[in-house]
Amino acid sequence: MFERSKILLVATLLTFAGLSHFAGGISPYYFDILIGIGINIILAVGLNLVNGYTGQFSLGHAGFMAVGAYASSWLTLKYGYSMGSGTLNTTTVFVLALLGGGLGAALAGLIVGVPSLRLKGDYLAIVTLGVNEISKGVLQKAEPLGAQRGLGGMEQHTNFFWTFAFAAITIYVVLNLVGSTYGRGFLAVRDDEIAAEAMGINTTKYKVLAFVLAAFFAGIAGGLYAHFKQFIHPEGFNFLRSVDIVVMVILGGMGNTAGVVVAATLLTILPEFLRAVSRYEWLPEWLRHVAENRMILYSLLLIVLMLTRPQGLFGNFTGKRNSKLQ
Amino acid sequence: MNAPLLKLDNVTVQFGGLKAVGDLSFTIGEGELIGLIGPNGAGKTTVFNLITGVYEPTAGAITFANKSVVGHRPYKITARGIARTFQNIRLFPSLSVFDNVRTACNMHLRHGISHALARGPKFSAEEREIEATVMELLEIFSLTAERDAACKSLPYGDQRRLEIVRALATRPKLLLLDEPAAGMNPTEKAELMKLIRFTQEKFGCAVLLVEHDMKVVMGICQRINVLDYGRKIAEGTPTEIRNDPKVIAAYLGKEEE
Amino acid sequence: MKRPLLLSTALALLATAALAQDEIKIGEFASLTGGSASFGQSSHKGTALAIEEINAAGGVLGKKLKLIAEDDQSQAGQPATIVRKLISQDKVVAVLGEVASSKSLEAAPICQQNKIPMISPASTNPKVTEVGDYVFRICFIDPFQGTVMAKFAQSKGWKKVAVLTDVKQDYSVGLAEFFVKGFTATGGEIVKDQKYSTGDKDFKAQLTSIKAAKPDAIFVPGYYGEVSLIGKQAKLLGIKVPLLGGDGWVGDSLLKVAGNSLDGSFFSCHFSADDKAEAVQNFVKKYKAKYNGETPDDMAALGYDSAVILAEAIKKAGTTDGEKLRDALAATKAHPGITGSITLDEKRNATKPAVILGIGGGGFQFVQTVAP
Amino acid sequence: MIEFIQQLLNGLGQGSIYALIALGYTMVFGVLRFINFAHGDVFMLGAFAGFYLGPKTLRLFGEGPSYSGAFAALVVAMVLCAVIGIVIEKLCYRPLRDRPKLTVLITAIGVSLFLENAGQLVFGANPQSFPELIVDRALEIPESWGAISGLTITVSQVLVFGVTLLLLFVLRYVVLKTKMGMAMRALSFNPVAASLMGINNDVVISFTFGLGSALAGAAGILTSIQQPSIDPLMGVNAGLKAFVAAVLGGIGNLPGAALGGLLIGVIEALVVGYVSPTYRDAIVFGVLILILIVKPTGLLGVSEREKV
């Protein structure tokens, strides 16, 4: 018996595997943006499980990305090149390292989540932000990982297939989870914790689970990032990076996976789009000047969006959809 | 008579200096329909919160089916067989009618996260089973037509009924109803009384009913406990309670201290 | 949104393609906005000035140079994207940048893989040029500067020195490391090792414990933003010993903020705007004229030199071919730059003299030149 | 021992700045239940107000640095920041009053990013030298005072501490004794009831933003007198620390914010002096997390029981 979502996943993965052969043909610049989109989709869709579907507010997602990036880099740097004649080829080592990075981040998520998820709203936000800062501080001091000099020397293993395969898997996991009776617990926790408890739902378990899963995917995304840019630095996983991911979730509409995917894509392209705009000589001077100051534009966009469409570009999840069982 | 299903033994709870419930004792037997009444602020909802683990008593014991429930998290107490509704309706606002009930089936799932992800035949079978259960419940409470409606869009009376359905989906041995008739018109109230009695018989569960409407309480309850200022001032059959001077005083206000 | 982007970029490329024959494109990536914008803007201004001058003098190989500068917003992840753009979209022949080593380290592997020469004006982390043979730098590296100051401290007869490092800057950590090595090797003693982070404003805590250790001098290899405050607060706390530092001290606001509190202190640097040499004075004059009277700092001078050295190498190579350009760059010898005579060694690092300046009388005084 | 006392003093100086900023966070949280992320940037604007207007106010009182001139600059910066705070609230937060907290928080982050980046564009990214409003020097402590004479206390430290105390007393008076203060407290207790009692919530909220922003403006001037190098990103770190201070003290609680600010200042000074500045931020956040987990309402906060 084949479930529709499973068939879809396999079909998507096969398509990506096929497309991957043509990916070499596109310009490295567009390829860079494309990989960036994939990584951001993984990050945002994962975080959406926490911030969107479970209603908890994590503001430290980049911290888990950092754990994954450093853990997987450490693994490939340590084992990746000694495997040459061994039984494992480099791709296998890379994927194992990615999973290792994901598990490391999940473990970090568990350690952070269990005590801090008792807190609500703003308090949780500040604690996760704090954890983000702490992990950055520890990395800056960690000599074996390059400390404040950063860590480099990884080979470029990240390619089109692995990035988008993991993006597809992230989407598959999140959607299938929240669509099942089991996963409706996440939504119940978001809607009303006290009522959820009264219906026999272990709210702590669900919150921690959402947190750990999101951290796992952030770790994977970190590993993909590290093996694409080939250099990582503690400052690359700062508070601003966390804000970026939160904005993708909010822009897409909390708890709306499709919207979040679109938002992650748009927000990855936007800075490069503005970069291009600032170069068009036929545009009025002031417009090009505005486009050059991308951060000002980004912040204004954020404010205007919240004022005019606080539910995100594509609206929030409402109960009307997905109420039928597959 | 067997040991009671629920037993409160000298239960006291204090918030700061305020004693919300003091030395309260009463019991509920299997399948009984018991009323809990009292003026506003008498501590009725607090009693519910104590039984369901939202608050922990400062002193005293609460036992359910011969085991203490004190100090357990609410979800564990629900799993032991106590379900409730809320005075100020607490449905899951973003979920549909169907999903509200379905969520309450969560704790009886035999399969966990791995099945939800792998989506194998066992998973599908169980989800279909849950769908059937939910639809059966909705049918009994005539909410089938609204299955895909957003629960917020239901009329007030339907929302109250939906809360009862949701509570029943946890398959309780004891159902706590917190003012289920609030905001209902006389016809709805009459129907509600029928439903409560039906529930008690069909699902074989005991019911503890907090209600302001005396007609409803007197009409269906076998025994009634009366609370005032967190203390029990009377217990008895509806007839006894109706004629109890202490109860009358509590409701009409005492002449002079 | 994606399609119009691709489409319009393609159109823009077509439009510029017509002009492409008579210009040589040079890419630059710098932190023009964000946390490190103060350094990025300086080096960019220097680079832009150099390109303007070269073009005014007729360009290179009969063609004008076109500088394509991109802002990396001081964000990690951006340099790689930008350099990919510069190389694949803009088809630049070489890349200039960055000040921060962590940004250069991200871009270097991409330049190396594409065989496009890259010159970092001011990344001092030794690892940058170790990435490959297409990666150059025109500043001296941490070991040299640290050692120079250690020798200088010894020559002054100081025996006990405290160190105050900026832990957020690998530059500062590197300098401190080699200073300590050089100083202790010849019998000096480090009496206190204190740290701070970029962006700090209050250093009284560190200075208090340094004061308690009674050093003869304090080595502060940080950037001018913090050093000016450190000087001021040291004086307030009654610390009278001189402060020592590196090229990070040079900045427009060092003395404005510090007042006379740094009088009697010394630092090593690439260049001094007060240097009487004609080339330097010319540069300062033109820089001030172009940028509203702003005095150029080290980053500006290094940004300038990086562009000039690249232009010279293109002339020498007679082509913009990556491999030949790399060879021409590697052969750079005794280039008379604003920041001194620059020779690139076999590790593609600059061998050049350091200048030691003293502070006093509201300005910098030339003390000595230390040859490599 | 002397060194330890010196570190404590240094910490208190920095802590008073944090306390002033933290008060703004906590007041806004009290009435609106949301974190005004842009508050640290208002502090930065206060410093730049002093940068541009300080020399002018000094000239009003003759040549060179003077206390009256510095005081005038302080008042001007406070008024200016109050206006900015009120405008930000009116334009960006008021339309979102009934929206989820998260929406408002994201807007606040947007405002913060806007002020920082626009600041870089307008003021320039390079650090600027803050004009000398007062002559800062170390106070002479007579040798006869024994060991204490080894301490270094600067005029600016005394001034910062003194002005902070003064402002705290003024604030206490405003909140406890004035009609507006009473309205603020009523609003933070129960907004619906407050508006039923005839309190104009909009006015009170504007006033709260104005008051909090004025304190941040004062902190901007005071910090620049102590550390005369200012830049458009100076509010990021100070704002974050002050926010941690507010949560540490119990957000929504005024004495808590002041206490939290001083504590954070002292903890930082001690960590930097005796451990390592690398761990400073990590330890500050560590302490915060520990306190939140042990006592989620902060040091002086009172828990709110959710009604069931």
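Convention: sequence-line order gives letters A, B, ...; per-chain numbering from 1.
- C:Ala69 touches chain A through its backbone: at least one of N, CA, C or O sits under 4.5 Å from a heavy atom, while the side chain does not.
- C:Ser102 places a side-chain heavy atom less than 4.5 Å from the side chain of A:Phe231.
- Heavy atoms closer than 4.5 Å to chain C are found in the side chain of A:Arg275, but not in its backbone.
- For the residue pair C:Ser88 and A:Ser27, the shortest heavy atom distance occurs at OG-OG, 3.2 Å.
- At least one donor-acceptor pair under 3.5 Å links the side chain of A:Arg294 to the backbone N or O of C:Asp71.
- Summarising the local packing, NZ of C:Lys127 is surrounded by 12 or fewer heavy atoms from other residues, nucleotides or ligands at distances under 6.0 Å.
- A donor-acceptor pair under 3.5 Å is formed between the side chain of A:Lys229 and the backbone N or O of C:Gly77.
- Rounded to the nearest 0.5 angstrom, C:Thr81 OG1 and A:Phe228 CZ are separated by 7.5 Å.
- Distance check, rounded to the nearest 0.5 Å: CD of A:Glu235 to OG of C:Ser74 gives 10.0 Å.
- Chain A forms the most heavy-atom pairs under 4.5 Å with one residue out of C:Val167, C:Thr33, C:Leu105, and that residue is C:Leu105.
- Looking at C:Arg84 and A:Phe31, their side chains never come closer than 4.5 Å, going by heavy atoms from C-beta outward.
- Contact annotation for C:Ile82: only side-chain heavy atoms (C-beta onward) come within less than 4.5 Å of a heavy atom of chain A.
- Annotation: A:Lys141, atom NZ; neighbour count of heavy atoms from other residues, nucleotides and ligands within 6.0 Å is above 12.
- In this structure, chain A has heavy atoms under 4.5 Å from both the backbone and the side chain of C:Glu106.
- Heavy-atom pairs under 4.5 Å with chain A peak, among C:Gln113, C:Gln75, C:Lys85, at C:Lys85.
- Ranking C:Leu86, C:Val83, C:Ile110, C:Val173 against chain A, the residue ahead of the rest is C:Val173, based on heavy-atom pairs under 4.5 Å.
- Contacts between A:Phe237 and chain C at a heavy-atom distance below 4.5 Å are absent for every atom of the residue.
- Chain C forms the most heavy-atom pairs under 4.5 Å with one residue out of A:Gln230, A:Glu292, A:Arg241, and that residue is A:Gln230.
- Interface remark: A:Arg279 contributes side-chain atoms only to the contact with chain C (heavy atom separation under 4.5 Å).
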